[in-house]
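This report refers to the structure that appears directly beneath it.
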Amino acid sequence: MFDTSDPAFVADPYPFFAELRREGAVHWHPQLGLYVAVTHGACDTVLRDRSLGRIWRDREPVEAFPAFNMLHRTSILENEPPTHTRLRRLVAGAFGRGHVERMRPAVTALADSLVAGLVTRLRDGEPSRDLIADVAEPLPVEVIAELLNVPALDRHLLRPWSNAIVKMYEYGLDPELQRQAEASAAAFVAYLRGLVAERRSRPRTDDLVSDLVAAADGSDRLTEDEVVGTCVLLLMAGHEATVNVVGNGMLALLANPEQWQQVVADPEVVPTAVEEMVRYDSSLQLFERTATREVTVAGVTVPEGAKVAALLGAAHRDPAAFVDPDVVDVRRAPNNHLGFGAGIHFCLGAPLARLEVQAVLAALRSRLPGITLVRAPQRRPEFVIRGLRGLDVTG
Ligand code: HEM
């Protein structure tokens, strides 16, 4: 069974997954203490089966993690029906009020100006630039900050808080990093309480926080904790994955220059190329569920109370679901990836995420068609959120 702390596994988990897939669709992972689903079909079942839920259990000791636990207890992502249905209806109602369309010109302009800045520095004689630091990181944070109208001066706070909190989703985390995650959660909550109070007293138009505060379904409204929890979820879900889809995806395209050339040659390829960036080297590798009763997944019995994980990276390389799954194909169609999930928790931000990654690709192909890798990038050591430390490019 694979070891999530083994650098060889984190560097390239796909051969490990291929071997597991040959032996079966679902396996017990003793080190993680959960079942892992490694085929596309089994992962799809894990995400959709209503007897497998996202059941939140407060992190213990509870007195050490009050803010972290509050954020997750109130999150759409961590709840099942009927609470999930209620939260999703209220949040989707606010989110659906034209916010993604409102953002379209800003996202396109921002991606274009970030890429233009990178190109200028290369033209000014710098031998290489880091695509992650220059483009992939700032874009999604700015977009979410803009969506929530976080004042410009405060935006630099968001990414460090979010980075510290999401470390908690890894396995075997160092106690000091756990403490930092809680401290960041507390600071994030305090900051957003201030922002929410401000929007409550002075609602704005074209403002998602104001719409969340006002969101109503009859007499039902989001509580203050729910509005705060939703804003933090949007900030974290909204940028951690997007940064790494751009990073991992551009690495895949640049390591296969003939694929990049297809994107350069034909702008119509951009949408399918983005789906392939989501599939090929998954930025989110694992999602957990808990069995609310005994359930069978791909022939394996999972007892009530046990946890099962969908390994999206493994699903995305399943030859039963994709032709030549280990090959990057920017024109791949159909591309039935699970990168945005499936079932009731399907990513609420998928249209925005697609818009962002498409805007980056469009800007890169027109402004820097000759982009190439300067050196093999360094990976981050985490497994669940898979990403690069940097991606040095020139062109
Ligand atoms: C390319 C970037 C993104 C990827 C790969 C991604 C992926 C996912 C996945 C796999 C899930 C389902 C988790 C599960 O089933 O347990 C999810 C849920 C969610 N995502 Fe995304 N996401 C991305 C971007 C975004 C953005 C930009 C936003 C918001 C602005 C967002 C907001 C959410 C929310 C709110 C949920 C929870 C939905 C629910 O539980 O009903 N995501 N995302």
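Ligands are counted one by one from 1 in listed order, and the atoms in each one are counted from 1 as well. Hydrogens, waters and symmetry mates are skipped; everything else that's a heavy atom, side chains included, is used.
Counting heavy atoms closer than 4.0 Å to ligand 1, residue Val143 contributes nothing at all.
The protein heavy-atom contact nearest to atom 15 (O) of ligand 1 is Arg289 NH2, 2.7 Å. Counting protein heavy atoms only, atom 38 (C) of ligand 1 is closest to Arg88 NH1, 3.3 Å. Remark: minimum distance from atom 5 (C) of ligand 1 to any protein heavy atom is reached at Gly339 O, 3.4 Å. The protein atom (non-hydrogen) at minimum distance from atom 30 (C) of ligand 1 is Ile144 CD1, 3.5 Å.
Note on atom 21 (Fe) of ligand 1: protein N, O or S atoms under 2.8 Å away count 1, no waters included.
Between His345 and ligand 1, a contact under 3.5 Å exists for at least one N or O pair. For Ser283, no nitrogen or oxygen atom sits less than 3.5 Å from a nitrogen or oxygen atom of ligand 1, counting backbone and side chain alike.
Side-chain contact, Arg293 with Ser51: a donor N or O sits under 3.5 Å from an acceptor N or O. The closest side-chain donor-acceptor pair between Asp326 and Tyr14, if any, does not fall under 3.5 angstrom. A donor-acceptor pair shorter than 3.5 Å cannot be found between the side chains of Asp225 and Thr223. There is no side-chain donor-acceptor pair under 3.5 Å between His99 and Glu146.
Here the two rings, on His337 and Tyr280, have centers that are 6.0 Å apart or farther. Here the two rings, on Phe9 and Phe17, have centers that are under 6.0 Å apart.
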Just do the side chain to side chain contact (heavy atoms under 4.5 Å, CB included) check on Arg331 and Asp266 with the steps written out, would you? CA-CA 11 Å; Arg331 293 178 189 272; Asp266 183 2; 3.9 Å; yes
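Judged by a 6.0 Å distance limit and a 45° cone about the ring axis, Arg279 is positioned over the six-membered ring of Phe322. Tyr35 does not carry Arg289 over the face of its six-membered ring by the limits of under 6.0 Å from the centre and within 45° of the normal.
Not a single heavy atom of Leu87 sits less than 4.0 Å from an atom of ligand 1. Not a single heavy atom of Val278 sits less than 4.0 Å from an atom of ligand 1. Proximity of His84 to ligand 1 is established by a heavy-atom distance of less than 4.0 Å.
In this structure a side-chain-to-backbone donor-acceptor pair under 3.5 Å is missing from His72 to Ala67.
Atom numbering of ligand 1 starts at 1 in the shown order; those under 4.0 Å from a heavy atom of Leu233 are 35 (C).
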